[in-house]
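Reading through the structure tokens given below for one structure.
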Amino acid sequence: MSQTHPEMHERRILHTELMWSFGVGIFVAASLSMILFTAFTISVNPPSNVERLDPKTLHLSGEFAEHNLGTTVGSDGSVTVRAIATQFMFLPRCIVVPANRRVTLRFASPDVIHGLLITGTNVNTMVVPGFVSQVHTEFTRAGDLLMPCHEYCGLGHSEMWATVQVMAQDEFKPGSDGRISCAQR
Amino acid sequence: MPDVTPSPPSEPHVLDQPWRMWSSLAVFGVLLSGILLGVLVIPIVQGRSVGIDAYTAICRALGILPGSPAQPQPATPLPGMPVSQVAWTSDLLQILARADVRRGHAKVQEVCVACHGERGDSIGVEFPHLAGQSGAAIYKQLFDYRTGSRAHPMMTDVAKALDEAAIADVAAYYAGQPQRNPNPVTLAEAPPSIVQLVELGDPKRNIAPCASCHRAGAGGPIETPVLAEQRAEYIEQQLKLYASGERRNDVYARMRTIAAQLTDDEIRGLAFYYRAGFR
Amino acid sequence: MRNAERLCLAHFWVAFAAFLFACAIGTWQMWVRSPLGANVGTPGQYFMSVTAHGVSMAYVLTTFFIMGFGYFVAVTALDRALPGKLWAWAAYWVALLGVVLTVIPIATGQASVLFTFYPPLTASVWFYIGLVLVVAASWIWCVLMLIAMTEWKRENPGRPVPLAMFATVANAVMWLWTTVGVAVELIFQVIPAALGLVQTIDVGLARTLFSWTLHAIVYFWLIPAYIAFYTMAPRAAGGRLYSDTMGRLTFILFLIYSLPVGMHHLLMDPEHGNATKFIQVLLTAFVAVPTLLTIFTITASMEIAGRLRGGRGTFGWIAALPWERPMVLATGLSFVMLGFGGFGGIVNMGYGMNAMVHNTSWVTAHFHLIFGGSVVIMYFAIAYAIWPRLTGREYQSRAPLRLQLWLWFLGMMIMTLPWHWLGLQGQWRRVANFNYADPIIAAWGPWVIVSFAGGIILLASAVLFVGNLAALHRGPALGIVRPLYALAVHPPLRVPAALNGFGLWNVLVLVLMIAAYGYPIAQFLIDPSPGAIVHRVR
Amino acid sequence: MQSDTSSAADSPFDAADDIDETALADVMRSVPLGAAVLAGTAVALLVLGYLAVYLLVFIPRGTVG
């Protein structure tokens with residue numbers, strides 16, 4: 001082989017590759033440790049709530065019957081939003097939520113796969129028929145946000161969106177039955 | 001030119017031993033740390049910060065129990081009256097698929113022919129055409145009349161007199177009838193704003209294109225009726241009933257939401273568009 | 001080339017025809033969703049176009065290019081005739097039939113379910129049967145690659161398999177592993193639904209099975225680009241491959257870590273808990289390792305070439321590289337796009353951070369940069385490098401080739417960089433027409449037009465690419481044939497069996513798949529989730 | 001068709017190139033430094049970018065889970 005003894009070369013190459021692999025290890029550790037750090041300290045998870053619900057009888061009389069939809073404030077002050085993602089609209093079309101307060105949003109689909117995100121927030125989930133999708137979040141700023149369906153659900157997918165009204169604490173006044181709907185603007 | 005003759009290889013398995021050992025160790029190590037963190041450490045740590053015990057947190061993380069390992073689960077509200085009792089299940093769709101058209105034809109002659117006609121061309125302006133209508137659509141409306149989800153001075157009693165099999169047979173019979181298929185008025189006659197509403201919908205008002213559900217094979221909801229060649233007066237009347245909320249047997253208020261946002265001339269334009277037989 | 005030229009050319013021309021068609025409709029889509037094309041085209045046309053763009057780019061361009069390139073490597077790297085050439089032609093015609101069967105339903109609007117089929121939306125059964133035929137044909141290709149390598153190893157006991165062939169067989173083994181997911185989903189769930197044998201479909205299981213294929217398929221597309229990085233770029237730049245061992249290790253790491261990670265496409269799905277999602281996110285972090293090894297090893301190889309050509313100082317070698325050669329230019333541009341696309345990828349896989357970008361234009365930017373950018377530009381470079389061997393003709397001038405590569409790079413950057421910004425704003429995917437009256441969406445309008453401009457440049461580049469190849473068929477006769485594959489600084493004399501075959505690695509993949517996908521799939525077999533009514537698209 | 005093997009002695013894979021060994025040997029003395037610096041800065045930028053987006057864009061958008 002080459003005049004200078006090859007062993008020196010070959011081992012040196014593997015040595016540099018090993019050093020580089022060590023650097024790659026730091027890269028992997030950095031990305032994973034940030035994930036673990038926020039998972040431990042502020043419980044950052046992807047929204048995962050494995051709760052099965054038959055999409056075919058969703059509209060009959062359970063949690064997601066038509067009159068149960070919308071924002072309700074429980075006796076313990078917990079805010080829960082229930083909405084349906086169906087072919088080509090969300091029901092309710094306008095969802096009202098309080099700012100700077102823990103909110104639980106629950107979605108279900110009676111027909112095909114949908115998905116949703118609320119612009120500018122970390123609310124993002126798929127809505128799969130057969131399951132209830134649940135997202136816990138806190139809205140940091142008041143204002144109107146857009147909640148489009150971001151998963152292809154048929155020819156009307158582009159027109160499927162809802163509005164989210166984030167109300168300041170003082171405006172957010174639920175009725176006697178704990179229910180509240182969007183302010184007409 | 002260095003000759004690259006292969007020198008005699010040392011026994012391969014000796015050379016291979018470290019590779020086999022180290023790679024398996026590395027892969028299992030990575031896998032084990034993933035399982036340990038994902039299944040045990042993260043759920044327990046997250047659960048403790050919110051007062052969820054370790055067992056529940058782990059079950060929630062594995063998907064055995066509903067809920068997030070890091071958040072309390074909300075209470076479910078009380079049940080109530082549905083807007084329609086029809087639930088499309090595979091055995092219901094089997095019933096519709098295997099409905100007996102001959103029995104349906106007999107029942108039609110006995111009950112429906114007076115208003116809807118033998119082949120589904122209705123005799124009066126206030127009765128809808130049923131020729132070539134989707135079987136599922138007819139089934140759902142008859143079922144809703146029977147359960148009172150939809151009310152009509154005559155249809156409620158007619159539907160109550162039919163049992164479920166008869167409803168399926170009648171639906172299958174009319175679905176099999178060919179539509180009158182007059183030559184559709186050319187698109188030029190339909191005002192462009194109406195054609196756009198049918199083809200593109202109106203993203204501003206959150207209105208999906210009519211065709212995205214009502215065109216055959218669009219993949220929309222199962223009970224979507226065929227509108228082509230329907231009576232204009234009937235379409236107009238039903239859209240107005242939806243808009244006022246008087247008719248409310250559309251599951252999840254799909255039509256009530258859309259109809260409430262249509263202007264009167266849009267409703268009239270759509271009615272004439274579909275009467276002309278456009279798909 | 002032991003008369004395998006027609007076989008390779010046949011595959012490449014189908015691949016690049018589908019590519020050109022898909023580029024054209026991709027640009028049309030960019031126009032229709034921009035403010036310039038508001039209210040142009042109906043949703044039916046738009047989603048038909050999105051399905052055709054996806055199927056052409058993801059299933060036709062890739063599968064045909066990879067099969068053709070595999071045959072080329074098997075013949076030239078092993079320097080022996082292709083075993084079972086009749087089988088290869090049979091596979092070609094089966095795959096072509098599959099493409100025709102898939103395209104007809106798409107063109108007649110009976111398959112607007114996009115290339116990732118969203119059950120319970122169900123297309124015409126021919127759409128799925130066509131895709132199954134394409135996959136079945138690619139299985140024949142995998143077997144031929146395995147046979148070629150085993151026969152060569154029997155004829156050359158103890159000698160290391162040439163790196164190009166080793167990588168091609170790694171790709172074939174990975175492809176056999178990963179197509180199990182989509183094959184099971186199509187054959188047992190979607191095709192029965194399309195035939196009307198069943199009225200409901202278990203959507204949770206369908207999405208999990210598809211995710212099994214969804215990640216390794218993108219590495220199936222990516223490996224030919226890496227074969228070019230490792231075995232062609234160093235030679236083209238006038239240098240040597242820095243380390244052959246690292247090359248083998250990279251392709252083994254791809255085989256191991258691209259399979260048990262598919263569920264990072266389901267991070268926002270309600271059918272799996274956090275535990276299985278975290279396990280697959282941790283394994284996904286390791287799928288970045290081979291790419292990071294590659295950028296070092298190939299940059300080092302380029303440094304060797306640059307210094308041999310007189311480059312001085314820490315970065316002097318960069319300027320000294322022969323950038324006028326297409327393979328070298330493509331490698332450089334590909335690495336730049338790999339950097340941006342890779343950044344998009346590590347944000348996607350950030351466990352909870354996926355909630356910020358899932359199904360937004362950020363994801364579209366990621367896979368256009370990685371696949372559409374760094375992989376497809378290497379497809380161009382590979383085509384330019386081997387076309388003279390296939391046609392026996394030489395380029396008159398390499399300027400149009402370089403222009404085409406630059407146009408593709410610029411077009412891709414202009415199209416995808418705005419998408420990152422729009423993705424963070426919440427611009428969601430697959431929208432036929434945006435409601436530009438909404439203030440939030442109106443702010444996106446100008447950026448969508450910028451992306452559209454990028455799309456036009458890409459279309460121009462695609463047309464120029466096919467033109468360059470067609471022109472070469474009439475070029476002057478080929479003079480001397482320069483060797484194609486790179487030599488390593490230390491050509492491996494003997495290599496441990498682990499780095500010369502896939503027995504050990506298949507065992508490790510089996511263990512990883514059971515650990516990563518065992519429970520997620522078993523939960524649906526033990527207790528199926530409530531079925532969703534099939535919605536047929538006709 | 002043009003035979004691909006320029007010389008019969010070895011397969012095309014090991015076809016020699018016109019790099020002379022001594023030039024290669026002294027180039028190899030300083031080779032991976034440039035690559036390590038270039039690739040190293042690229043990876044460092046990636047990691048810093050990832051951490052920046054995680055902390056400055058993702059976290060302020062509110063909790064998720």
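Every heavy atom of this structure was used, including side-chain atoms; hydrogens, water molecules and symmetry mates were not. Letters A, B, ... mirror the listed sequences (proteins, then strands); counts begin at 1.
Contacts between B:Pro221 and chain C at a heavy-atom distance below 4.5 Å involve the backbone alone (N, CA, C, O). B:Ser212 does not touch chain C: none of its heavy atoms, backbone or side chain, sits under 4.5 Å away.
Taken to the nearest 0.5 Å, the CD1 atom of C:Ile252 stands 7.0 Å off from the CH2 atom of B:Trp19. Taking CG of B:Asn206 as the start and CG of C:Asn435 as the end, the distance is 9.0 Å to the nearest 0.5 Å. Put simply, CG on B:Leu31 and CG on C:Leu508 are 10.5 Å apart, with the number rounded to the nearest 0.5 Å. Within the model, atoms CH2 of B:Trp88 and OG1 of C:Thr200 stand 15.0 Å from one another, a figure rounded to the nearest 0.5 Å. Atom CZ in C:Phe278 sits 11.5 Å away from atom CD1 in B:Ile35 (nearest 0.5 Å). Taking CD1 of B:Ile222 as the start and CD of C:Gln199 as the end, the distance is 9.0 Å to the nearest 0.5 Å.
When each of B:Gly63, B:Ser90, B:Pro69, B:Pro43 is checked for heavy-atom pairs under 4.5 Å with chain C, B:Ser90 comes out on top.
Counting heavy atoms from C-beta outward, B:Ser24 and C:Leu504 have side chains that approach closer than 4.5 Å.
Atom CH2 of C:Trp505 is surrounded by more than 12 heavy atoms from other residues, nucleotides or ligands within 6.0 Å.
In terms of heavy atoms, C:Pro43 sits closest to B:Pro209 at CG-CG, 3.8 Å.
The stretch residues 530-538 of chain C places C:Ile533, C:Val534, C:His535, C:Arg536, C:Val537, C:Arg538 near chain B, each with some heavy atom under 4.5 Å from a heavy atom of that chain.
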